[in-house]
Structure formats: structure tokens, C-alpha cells
Amino acid sequence: MKDNRPFPPLKNDNLLRAARGEVVDRVPVWVMRQAGRYLPEFQELRKQHDFFTVCRTPELACEVTMQPLRRFDLDASIIFSDILVIPQALGLTVEMHAGVGPVLPQPICTPEDLKRLTPDGALSRLTYVGDAITMMRHKLDGRVPLIGFTGAPWTLMGYMIEGGGSKTMSKAKAWLTNYPEDTKLFLNLLTDVIVDYLEMQVTAGAQMLQVFESSAEHLSKEEFLLWSAPYLRRIRDDLVDRLTKKVIPAVPLIIFAKGAGHSLKEQSELGYDVIGLDWTVDPVEARAVVGPNITLQGNLDPQSMYCEPNELRSLATEMVHKFGKSRYIANLGHGITPQTPITSMEVLVEAVHNAL
């Protein structure tokens with residue numbers, strides 16, 4: 001049953017203020033994959049429930065989303081879900097295998113296989129994410145903003161062709177040269193579903209959105225500008241257009257294109273409010289390229305979370321000093337890794353908040 005109660009007022013809006021370029025009283029910090037495997041309480045819950053059962057059950061998704069907020073003074077929550085719920089909604093089987101990660105047993109191998117996809121009604125098969133977002137807004141009671149997210153078209157296409165994660169993305173990259181017109185059809189189909197999905201997340205209560213182009217590192221600059229950037233731009237433009245027509249206030253949008261440090265200037269022209277940086281990008285150089293009117297997010301190496309507390313505190317403080325207090329959201333340069341010590345998250349959050 002749809003919950004139409006008004007949402008509680010927001011108490012800590014530093015994340016949204018940073019995204020809009022407004023003054024913050026402290027640098028906001030959150031961490032990609034902050035709800036997940038490094039937390040013992042998450043591991044306990046996973047012993048009882050399959051991964052995608054957690055994603056599809058709003059009460060469980062909210063519980064996992066809340067877990068890191070009980071431990072750490074974070075400035076945002078991000079709804080617990082997975083980028084591969086879109087391939088599932090399009091009719092592909094996605095399984096989560098322990099020690100392996102996601103597996104798609106019947107991948108898209110040839111353009112003929114695109115006929116197996118079921119874009120009609122895909123959004124109706126994703127309503128559980130919207131239900132979880134609405135439920136989570138009430139559970140948060142205005143404590144921090146709630147972030148929604150999606151995978152980007154190229155990244156999703158890669159998983160759907162490779163049948164899971166890939167170190168080379170060779171099968172997906174072969175499509176770019178062997179089937180360029182079918183690749184465009186595939187990416188446009190995914191873009192259409194993504195725009196529907198993000199609009200649903202905003203109407204459900206998401207206060208910010210992140211688009212994960214996690215596989216950008218497999219593209220050269222030329223390929224990124226051909227096979228990723230145009231679709232990222234359309235996601236932003238179509239979403240803003242739809243929300244405007246429905247008189248729904250727009251929410252800040254983050255693009256995180258891992259490995260696309262070669263195209264920061266081009267990313268800054270896509271219309272996103274925030275650009276997420278991976279740990280290979282120098283903050284000072286990034287600011288010089290992007291200019292003063294876009295917020296930067298990042299970008300501590302997740303491996304630094306294994307350092308001794310004093311060293312980690314020093315690295316985090318140095319990072320914040322490089323970015324500065326204006327138009328900056330602190331984060332890791334990719335997702336937190338499973339064996340990360342709990343104390344490291346405590347040190348990171350405290351160091352960021354006390355750096356400036």
C-alpha cells in the first residue's frame with residue numbers, strides 16, 4: 001500500500017547544500033557501499049536471506065540501509081539495492097554467487113538476443129525499490145538525505161553481455177566494433193528504462209541520485225565520448241525535462257565514471273551537479289579542469305582504509321584540504337571493500353568532519 005504521509009523535515013542538509021554549491025557547516029561524507037559486507041550485522045542478515053531477496057523486500061532493504069547510520073555520523077544514506085535490478089527487470093536472470101559476485105547465466109551474446117529483453121513493463125517490476133525509498137525516508141526521520149542510484153547504460157550492457165563482472169570487458173567491447181548500430185539500440189533501450197527508474201525514485205522520495213558508470217575504465221577517451229557520455233547526457237536531460245513538466249523539484253545528480261579521469265572536462269559539460277572522482281585523480285587538477293561551479297566527490301583510495309588509524313586520519317585530512325570546503329563531498333574513490341576495519345570508518349568520518 002502506498003504511503004502518502006508527508007516526509008519528515010530534513011535536519012542535516014549538508015550533502016544537498018554541498019551539491020548545490022551552498023555554504024556547509026562541515027564537509028559532508030558518505031561512502032559507496034557503506035551499507036554492506038564490511039558490517040557484521042549485514043553478514044548476519046545475509047545468512048538468513050538471499051541477496052536479491054534483501055533488495056526486493058523493502059523492510060530488509062531499509063534495515064541494511066540504516067545499519068551504517070547506527071554506527072557512524074554519516075551525512076547521507078544510500079538505499080540498499082544493486083545496479084543489476086535493471087537487467088532483472090528486463091527479463092535476465094541475475095544470481096549472486098558467494099566469492100564470485102553477480103552471475104547472469106544466459107547473457108546477451110548476439111544482437112538477436114536483444115529480442116529476449118522485455119522493456120515493456122520493466123518499471124512495474126522495480127516498484128519495490130520505490131517502496132523501499134519511501135519507507136526509508138520515514139525511518140530516517142529527516143536525519144540525513146537519502147540517495148537513490150542506477151547503473152549507467154554502458155556498465156549495465158557490459159554485465160549483460162559478459163554474464164557477470166569482467167577484468168577485460170572483451171565481449172562487450174567487441175560489440176562496439178562488430179555491432180555498432182545494435183549497440184546504440186541496446187544503450188538507448190537501457191537509457192529509456194534508467195530514466196523511468198530514476199523518475200520513479202525521485203517521486204518515491206530520493207533526495208539525490210548517483211549514476212554509476214563503474215566500467216568506464218574499460219573505454220578509451222574516444223570510446224567514452226562515443227559510447228558513454230551521450231547516454232549519460234540523455235539520462236540527465238530527459239529526467240530533468242520530465243520532472244519539470246510534472247512540476248516535481250529536481251534533485252542533485254552525481255555522475256561517477258570510474259576510470260574516466262581523462263574526460264573530466266567533458267563530464268563537466270553533461271549537466272550533472274556533482275562529479276565523483278576515483279582515487280587516481282588529483283583533486284587540485286580535477287578542480288582546475290572542472291571549474292568552480294560543479295561539486296566534486298571523492299576520492300580516498302579504498303585501500304587506505306587498511307592503514308593504521310593515525311595514518312588514515314592524516315590521509316583523510318590531507319584529502320579534504322586539497323578539495324576544500326566549498327563544493328565538496330567526501331567519499332572513497334570506489335566502494336568500501338569487505339574486510340575494511342570498522343574503526344577505519346569511524347576514523348574517516350571523524351577526520352573529514354574535523355579537517356576544516
Side-chain angles (χ1 to χ4, degrees), residues 19 32 83 86-87 148-162 166 168-170 172-199 208-243 250-282 285-299 327 331 333-334:
M32 289 180 275
I83 64 170
I86 286 182
F149 69 93
T150 182
W154 158 249
T155 294
L156 293 178
M157 176 181 142
Y159 275 101
M160 293 166 80
I161 291 172
E162 299 286 343
S166 167
T168 61
M169 210 63 88
S170 56
K173 289 197 74 172
W175 272 59
L176 307 183
T177 46
N178 296 343
Y179 315 121
E181 293 309 311
D182 293 297
T183 296
K184 288 176 190 170
L185 285 172
F186 198 170
L187 291 170
N188 275 310
L189 180 153
L190 288 166
T191 301
D192 291 340
V193 177
I194 287 166
V195 173
D196 288 345
Y197 183 45
L198 291 179
E199 181 190 357
M208 196 169 191
L209 298 169
Q210 177 153 313
V211 179
F212 283 90
E213 187 68 289
S214 311
S215 299
E217 61 194 334
H218 296 285
L219 300 173
S220 68
K221 178 165 185 169
E222 186 180 353
E223 289 167 336
F224 179 78
L225 298 182
L226 191 60
W227 300 111
S228 174
Y231 304 94
L232 295 173
R233 181 191 299 276
R234 187 157 82 77
I235 289 167
R236 183 266 174 197
D237 289 351
D238 288 6
L239 179 63
V240 169
D241 187 50
R242 281 204 209 171
L243 294 174
V251 303
L253 297 175
I254 310 167
I255 175 59
F256 176 61
K258 182 172 179 281
H262 49 56
S263 300
L264 288 177
K265 183 172 192 310
E266 290 79 7
Q267 289 183 54
S268 74
E269 294 162 354
L270 295 175
Y272 287 74
D273 306 274
V274 182
I275 296 176
L277 305 177
D278 66 47
W279 71 89
T280 66
V281 178
D282 178 79
E285 289 176 20
R287 177 54 72 198
V289 172
V290 166
N293 300 320
I294 289 176
T295 297
L296 295 175
Q297 175 176 282
N299 70 336
R327 279 203 175 273
N331 205 317
H334 195 223

- What's the verdict on side-chain contact (heavy atoms from CB on, under 4.5 Å) for H218 and T168, showing C-alpha distance, side-chain angles and the deciding distance? CA-CA 7 Å; H218 296 285; T168 61; 5.7 Å; no
- Task: Under the side-chain contact (heavy atoms from CB on, under 4.5 Å) rule, what do W154 and T183 come out as? Steps first, then yes or no, please.
- Result: CA-CA 9 Å; W154 158 249; T183 296; over 6 Å; no
- Check the pair Q210, T150 against side-chain contact (heavy atoms from CB on, under 4.5 Å), reporting the backbone distance first and the verdict last. CA-CA 7 Å; Q210 177 153 313; T150 182; over 6 Å; no
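With sequence neighbours left out, R234 forms a salt bridge (charged side-chain N to carboxylate O under 4.0 Å, His left out) with D192, D238. When the side chain to side chain donor-acceptor pair (under 3.5 Å) test is applied to R287, no partner is found at least two apart in sequence or on another chain. In this view, D237 satisfies the salt bridge (charged side-chain N to carboxylate O under 4.0 Å, His left out) rule with no residue, not counting sequence neighbours. Under the rule for a side chain to side chain donor-acceptor pair (under 3.5 Å), the partners of T155 that lie at least two apart in sequence or sit in another chain are E213. Evaluation of the side chain to side chain contact (heavy atoms under 4.5 Å, CB included) rule for E162 yields S166, M169, K171, A172 as partners, not counting sequence neighbours. By the ring pair (Phe, Tyr, Trp, His ring centres under 6.0 Å) test, Y231 is found to be paired with no residue, residues two or more places apart in sequence or in another chain being considered. Residues passing the side chain to side chain donor-acceptor pair (under 3.5 Å) test with D241 are K245, sequence neighbours excluded. Under the ring pair (Phe, Tyr, Trp, His ring centres under 6.0 Å) criterion, W175 pairs with Y179, F186, sequence neighbours left out. For the salt bridge (charged side-chain N to carboxylate O under 4.0 Å, His left out) test, residues two or more places apart in sequence or in another chain that qualify with E181 are K184. Among residues two or more places apart in sequence or in another chain, the side chain to side chain donor-acceptor pair (under 3.5 Å) test is passed with E285 by none. Under the rule for a side chain to side chain contact (heavy atoms under 4.5 Å, CB included), the partners of I294 that lie at least two apart in sequence or sit in another chain are S268, I275, V290. Residues passing the side chain to side chain contact (heavy atoms under 4.5 Å, CB included) test with L226: none are found, sequence neighbours excluded.
Proximity of a side-chain donor or acceptor of N299 to a complementary backbone N or O of N331 within less than 3.5 Å is not detected. Distance alone, capped at 3.5 Å, is enough to place a donor-acceptor pair between the R327 side chain and the A19 backbone. For K221 (side chain) and H262 (main-chain N/O), a donor-acceptor pair under 3.5 Å exists by modelled atom type. Here the side chain of Q267 pairs a donor or acceptor atom with the backbone of A260 at under 3.5 angstrom. Between the R236 side chain and the Y272 main chain, no donor and acceptor come within less than 3.5 Å of each other. Side-chain atoms of D273 come within 3.5 Å of backbone N or O of L253 as a donor-acceptor pair.
Using cut-offs of 30° and 60° on the angle between ring planes, the pair H334 and F256 is parallel.
A salt bridge links K173 with E223: the closest approach of a Lys/Arg side-chain nitrogen to an acidic carboxylate oxygen falls below 4.0 angstrom.
A 4.5 Å side-chain heavy-atom check between V281 and L264 finds at least one atom pair inside the cut-off. Taking 4.5 Å as the limit, every side-chain heavy atom of W227 sits out of range of all side-chain heavy atoms of M157. Within the 4.5 Å cutoff, the side chain of Y159 has no heavy atoms near those of the P87 side chain. Between L189 and L185, every side-chain heavy-atom pair lies at or beyond the 4.5 Å cut-off. Side-chain contact check for L156 versus I194: some heavy-atom pair is nearer than 4.5 Å. Inter-residue side-chain proximity for Y197 and I86 is flagged as met; some heavy-atom pair is nearer than 4.5 Å. Contact check for L198 versus F149: no side-chain heavy atoms found under the 4.5 Å cut-off. Side chains of L277 and Q297 form no contact here, defined as non-hydrogen atoms less than 4.5 Å apart.
Distance check, rounded to the nearest 0.5 Å: CG of L232 to CG of L187 gives 10.0 Å. Rounded to the nearest 0.5 angstrom, L239 CG and E199 CD are separated by 7.0 Å. Expressed to the nearest 0.5 Å, how far OG of S228 lies from CG of L219 amounts to 6.5 Å.
When all heavy atoms are compared, the tightest approach of I83 to G151 is CG2-N, 3.5 Å.
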